[in-house]
**Student:** 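Pasting in a structure now, in C-alpha cells, and then I'll have a few things to ask.
Chain identifiers are assigned alphabetically (A, B, ...) following the order of the sequence lines, protein sequences preceding nucleic acid strands; residue numbering begins at 1 within each chain.
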Number of protein chains: 2
Amino acid sequence: MQAAIALDRTFHALSDPTRRAMVQRLSRGPASVSELAKPLAISLPAVMQHLHVLEASGIVRSAKVGRVRTCHVEPKVLSQAERWIAERRDQWERKLDRLADYLDATASENDNT
Amino acid sequence: MQAAIALDRTFHALSDPTRRAMVQRLSRGPASVSELAKPLAISLPAVMQHLHVLEASGIVRSAKVGRVRTCHVEPKVLSQAERWIAERRDQWERKLDRLADYLDATASENDNT
DNA sequence: CCAATACTTAAGTGGATGCTTAAGTATCAT
DNA sequence: ATGATACTTAAGCATCCACTTAAGTATTGG
C-alpha cells in the first residue's frame with residue numbers, strides 16, 4: 001500500500017507540464033536549479049516548489065555543493081510508473097485478443113452452413 | 001503541444017488511487033458505473049466525478065444503454081503516457097551507459113603503469 | 001570586507017480537486 | 001401507473017495547487 005502513495009506522487013509529479021519540462025531537461029544530464037529555471041517563464045521560488053514535488057516523488061534527486069544545487073533523474077521511480085501502466089494496458093489488450101480468438105472460433109463453428 | 005495537455009490529463013487522472021482502482025477494475029473487462037462504485041467507500045456522485053476525469057483524459061470510454069452506462073479502457077492513451085516515461089528513462093540510462101564507457105576507456109588508458 | 005550569486009523560506013491569493021448531501025431524470029418491472 | 005433502479009445534476013465545503021512578491025541565508029570573487 002506504500003506503493004500506491006509512491007504512484008500517487010509520481011503521476012502527480014508528471015501531471016504538470018513545467019515539471020515534465022524539468023524532467024526532460026534532466027534526462028539529458030544533471031543541471032543546477034538556475035539552469036532548470038532559465039527556460040521557464042516562472043519565478044525561482046516556483047521552480048523550487050516544482051523541484052520539491054519531483055523530489056518527493058523520488059523522480060529527481062539533488063545535492064548542494066557550495067551555493068549550487070545539482071539535480072539529476074532517478075530512473076527507477078520512472079520505471080515503476082511505467083510498469084503500472086504497461087501492466088494494465090497488457091491486461092486489457094490480452095483480453096481483447098482472447099475475445100477476438102473466441103469470435104474467430106465461434107465464426108468457424110458456423111462455417112459449415 | 002496538444003500532446004502536452006493530453007499528458008497533463010492522463011497523468012493527473014492516474015495520480016489518484018481511486019481512479020487507478022477504477023482503471024485496474026476496467027482492465028479486467030467492461031463494467032457499469034455501479035459495478036465500479038461497489039468496492040469503493042465513496043458516494044456514487046464521487047464515482048461519477050472520477051469517471052469524468054478518466055473520460056476527459058481519454059483513458060476510459062463509456063456508453064449508456066437503457067439506464068446502464070458501461071465503461072471500458074482505451075489502451076492507446078495509456079500507451080502515450082507509457083511512451084513518454086520510457087523515452088526519458090531510456091535517454092537517462094543511455095547517458096549513464098556512455099558515462100560508464102568513458103570511465104572504462106579512461107581507466108584502461110592508465111593501465112600501462 | 002562587501003557585493004554579487006545561488007538558492008531558500010515565508011506568506012498570501014485565486015482557482016482546481018475530491019468529497020458530501022439533496023434533489024433531480026430516465027428506464028424497467030409489475 | 002407506480003415504485004425501484006441506475007445514474008445525473010447541483011450546490012456547498014475543506015483542502016490542495018501553482019503561482020506570486022518580499023525577505024531571508026550561505027558562498028564566492030574582488
**Student:** Within less than 4.0 Å of OP1 or OP2 of C:dT5, is there a side-chain N or O belonging to A:Ser34?
**Tutor:**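 No, because none of the side-chain N or O atoms of A:Ser34 sits under 4.0 Å from OP1 or OP2 of C:dT5.
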**Student:** In whole Å, I'd like the distance from the CG atom of A:Asp16 to the P atom of D:dA18.
**Tutor:**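 Answer to the nearest Å: 5 Å.
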**Student:** Can you check the B:Glu35 CD to D:dT5 P distance for me, whole Å?
**Tutor:**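 Computing the B:Glu35:CD to D:dT5:P distance gives 16 Å.
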**Student:** B:Leu54 CG to C:dG18 P: how many Å, rounded?
**Tutor:**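 Rounding to the nearest Å, CG of B:Leu54 and P of C:dG18 are 10 Å apart.
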**Student:** Between C:dT20 and B:Ser43, is there an OP1 or OP2 to side-chain N/O distance shorter than 4.0 Å?
**Tutor:**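 Result: yes.
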**Student:** For A:Ile42 and for B:Lys64, locate the closest nucleotide of DNA chain D by heavy-atom distance; then report the residue assigned to the nucleotide nearer the 5' terminus.
**Tutor:**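 It is B:Lys64, whose closest nucleotide lies nearer the 5' terminus.
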**Student:** Within residues 44-53 of chain A, find the residues that approach DNA chain D with a heavy atom at under 4.0 Å, and present them sorted by residue number.
**Tutor:**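 Contacts with DNA chain D under 4.0 Å: A:Pro45, A:Ala46, A:Gln49, A:His50.
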**Student:** Rounded to whole angstroms, how far apart are CZ on A:Arg19 and C1' on D:dA18?
**Tutor:**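 The distance from CZ of A:Arg19 to C1' of D:dA18 comes to 8 Å, rounded to the nearest Å.
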**Student:** Apply side-chain contact (heavy atoms from CB on, under 4.5 Å) to residues A:Leu78 and A:Glu82 and explain how you reach the verdict.
**Tutor:** CA-CA 6 Å; A:Leu78 286 179; A:Glu82 191 186 346; 5.7 Å; no
**Student:** Students often mix this up, so state it plainly: with edges at 30° and 60°, are the rings of A:Phe11 and A:Trp84 parallel, tilted or perpendicular?
**Tutor:**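 Taking A:Trp84 first and then A:Phe11, their aromatic rings stand perpendicular (interplane angle over 60°).
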**Student:** Please give me the minimum heavy-atom distance between A:Cys71 and A:Leu36, naming the atom from each residue.
**Tutor:**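 Nearest pair, atom of A:Cys71 first, then A:Leu36: SG-CD1, 4.0 Å.
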**Student:** Answer yes or no: does a side-chain N or O of B:Thr18 lie under 4.0 Å from OP1 or OP2 of C:dG18?
**Tutor:**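 The answer is no; no side-chain N or O of B:Thr18 sits under 4.0 Å from OP1 or OP2.
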**Student:** For A:Asp8 and D:dC16, what is the distance between atoms CG and C1' respectively, to the nearest whole Å?
**Tutor:**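 One finds 14 Å between C1' of D:dC16 and CG of A:Asp8, rounded.
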**Student:** Please determine, for the side chain of A:Arg67, which listed nucleotide (C:dA4, C:dT20, D:dT5) has the closest atom?
**Tutor:**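 The answer is C:dA4.
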**Student:** In Å, rounded to the nearest 0.5 Å, how long is the span from NE2 of A:His12 to OG of B:Ser15?
**Tutor:**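 Answer for the NE2-OG pair, A:His12 versus B:Ser15, is 7.0 Å.
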**Student:** Is it the case that more than 12 heavy atoms not belonging to B:Arg61 sit under 6.0 Å from its CZ atom?
**Tutor:**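 At most 12 heavy atoms, drawn from other residues, nucleotides or ligands, come within 6.0 Å of this atom.
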**Student:** How close do B:Ala31 and B:Arg25 get, heavy atom to heavy atom, and via which atoms?
**Tutor:**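 In terms of heavy atoms, the two residues are closest at CB-NH2, 3.6 Å.
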**Student:** Could you walk me through whether B:His50 and B:Ile42 satisfy the side-chain contact (heavy atoms from CB on, under 4.5 Å) test, starting with their C-alpha distance in whole Å, then the side-chain angles of each, then the deciding distance to 0.1 Å, before giving a yes or no?
**Tutor:** CA-CA 11 Å; B:His50 284 303; B:Ile42 57 177; 3.9 Å; yes
**Student:** Round to a whole Å and report the spacing from CZ of A:Arg69 to P of D:dT27.
**Tutor:**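 Atom CZ in A:Arg69 sits about 12 Å away from atom P in D:dT27.
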